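The next block holds one structure in the form of structure tokens; read it before the comments.
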Amino acid sequence: MIRKIHTFPDDVLRKKAQPVENIDIEISELINDMTETMYSQKGVGLAAPQVGVSLRVVVIDTSAGEDPGALIQLINPEITASEGEQTGEEGCLSIPGEYEPVRRYNKVTVKALNPAGENIELEAEGFLARAVQHELDHLEGVLFIDRIPPYKRDIVKKHIKRRIADGDYGYAEDIKS
Ligand code: NI
């Protein structure tokens with residue numbers, strides 16, 4: 001089931017998400033729904049707070065659904081090592097239509113549980129490492145616009161304000177209501 005994507009400045013995006021304690025049917029459904037929701041918008045990643053659920057779950061697919069082997073679903077992910085640096089443009093399904101360059105680690109190692117409850121370790125580099133860091137930030141209530149220079153952040157916020165006033169921000173259901 002496709003779920004509603006919460007957009008900035010919704011408060012749920014700013015809460016620190018809680019660890020998953022049991023991978024029960026609700027969590028399995030959440031993961032499936034998040035995956036479907038991400039693909040419905042051709043996104044490359046989605047964190048549970050973006051669908052209004054303050055739990056430590058993320059889904060990532062840097063192929064946006066093109067490569068069936070590219071889907072990564074992580075529960076309680078943690079970065080255990082990082083190295084190097086990269087700068088590249090980022091967007092976010094919760095800040096639709098806004099893109100800015102963000103500096104990130106070039107490589108990260110992540111430990112997590114997979115949907116079967118098994119411990120996994122993921123080594124990510126380049127764009128995948130960027131996506132991982134972006135999604136894990138969501139679990140801390142951090143958005144990519146927090147990682148750009150303050151003067152640019154002000155410009156983005158003003159732009160969003162104007163777009164909200166024009167009815168040109170968010171998803172169809174938001175704009176309607
Ligand atoms: Ni995002």
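Note that this is a predicted model, so its numbers are computed, not measured.
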(message) If we ignore hydrogens and angles and just use 3.5 Å, is the side chain of Arg153 paired with the main-chain N or O of Ile145 as donor and acceptor?
(response) yes

(message) Applying salt bridge (Lys or Arg N to Asp or Glu O under 4.0 Å) as the test, list every pair that has at least one member in residues 50-72; sequence neighbours left out.
(response) Arg56-Glu140

(message) Taking Phe8's backbone N and O only, do any of them form a donor-acceptor pair with Tyr169's side chain (distance below 3.5 Å, no angle check)?
(response) yes

(request) Give a yes or no on this: more than 12 heavy atoms of other residues, nucleotides or ligands lie within 6.0 Å of atom NZ of Lys42. (result) no

(message) With rounding to the nearest 0.5 angstrom, report the CD to OG1 distance, Glu83 to Thr109.
(response) 8.0 Å

(message) When you measure from the side chain of Arg147 to the backbone of Arg104, do you find a donor-acceptor pair of N or O atoms at a distance under 3.5 Å?
(response) no

(message) Using a 3.5 Å distance criterion without hydrogens, assess whether the side chain of Asn114 forms a donor-acceptor pair with backbone atoms of Gly117.
(response) yes

(request) For the pair Lys107 and Glu123, find out whether any cationic side-chain nitrogen is under 4.0 Å from an anionic carboxylate oxygen. (result) no

(request) Return yes if some donor-acceptor pair links the side-chain N/O of Glu78 with the main-chain N/O of Ala112 below 3.5 Å, else return no. (result) no

(request) Calculate, to the nearest 0.5 Å, the distance between atoms CZ and CD belonging to Phe144 and Glu100 respectively. (result) 6.5 Å

(request) Find out if a path of hydrophobic residues (ILVMFWY) with successive side-chain heavy-atom gaps under 4.5 Å connects Ile120 to Val108. (result) yes

(request) Please say whether more than 12 non-hydrogen atoms of neighbouring residues, nucleotides or ligands are located less than 6.0 Å from CD in Glu26. (result) no

(request) Measure the shortest side-chain to side-chain distance between Thr80 and Val110 over non-hydrogen atoms and say whether it is less than 4.5 angstrom. (result) no

(message) Can a side-chain donor-acceptor contact be found between Thr35 and Gln73 if the only test is distance below 3.5 angstrom?
(response) yes

(request) Using atom types as modelled and distance alone, determine if a side-chain donor or acceptor of Asp10 lies under 3.5 Å from a backbone N or O of Thr7. (result) no

(request) Could you grab the distance from atom CD1 of Ile60 to atom CG of Leu74, nearest 0.5 Å is fine? (result) 5.5 Å

(request) Give a yes or no answer on whether the side chain of Glu135 reaches the backbone of Val58 with a donor-acceptor pair at less than 3.5 Å. (result) no

(message) If we ignore hydrogens and angles and just use 3.5 Å, is the side chain of Asn76 paired with the main-chain N or O of Pro19 as donor and acceptor?
(response) no

(request) Over all heavy atoms of both residues, which pair between Pro115 and Ile23 is shortest? Give the atoms and the distance, please. (result) O-CG2, 3.5 Å

(message) Does atom CD (Glu21) have a neighbourhood of more than 12 heavy atoms from anything else shown, all under 6.0 Å?
(response) no

(message) Would you say that Ile2 contacts Tyr39 through its side chain, given a criterion of any heavy-atom pair below 4.5 Å between the two side chains?
(response) no

(message) If you count every heavy atom of other residues, nucleotides or ligands that lies below 6.0 Å from Asp11 atom CG, does the total exceed 12?
(response) no

(message) Within this structure, what is the CE-CG distance for the pair Met34 and Leu46, rounded to the nearest 0.5 Å?
(response) 5.0 Å

(request) First locate atom OG of Ser40, then atom CG of Asp33, and finally report the distance between them rounded to the nearest 0.5 Å. (result) 10.5 Å

(request) Could you grab the distance from atom NE2 of His138 to atom CZ of Arg14, nearest 0.5 Å is fine? (result) 10.0 Å

Check: residues 91-98 side-chain donor-acceptor pairs under 3.5 Å, at least two apart:
unit_1: Ser94; atom_1: OG; unit_2: His6; atom_2: O; d: 2.7
unit_1: Ser94; atom_1: OG; unit_2: Gln50; atom_2: NE2; d: 2.9
unit_1: Glu98; atom_1: OE1; unit_2: His159; atom_2: ND1; d: 3.2
unit_1: Glu98; atom_1: OE2; unit_2: His159; atom_2: ND1; d: 2.7
unit_1: Glu98; atom_1: OE2; unit_2: Arg163; atom_2: NH1; d: 2.8

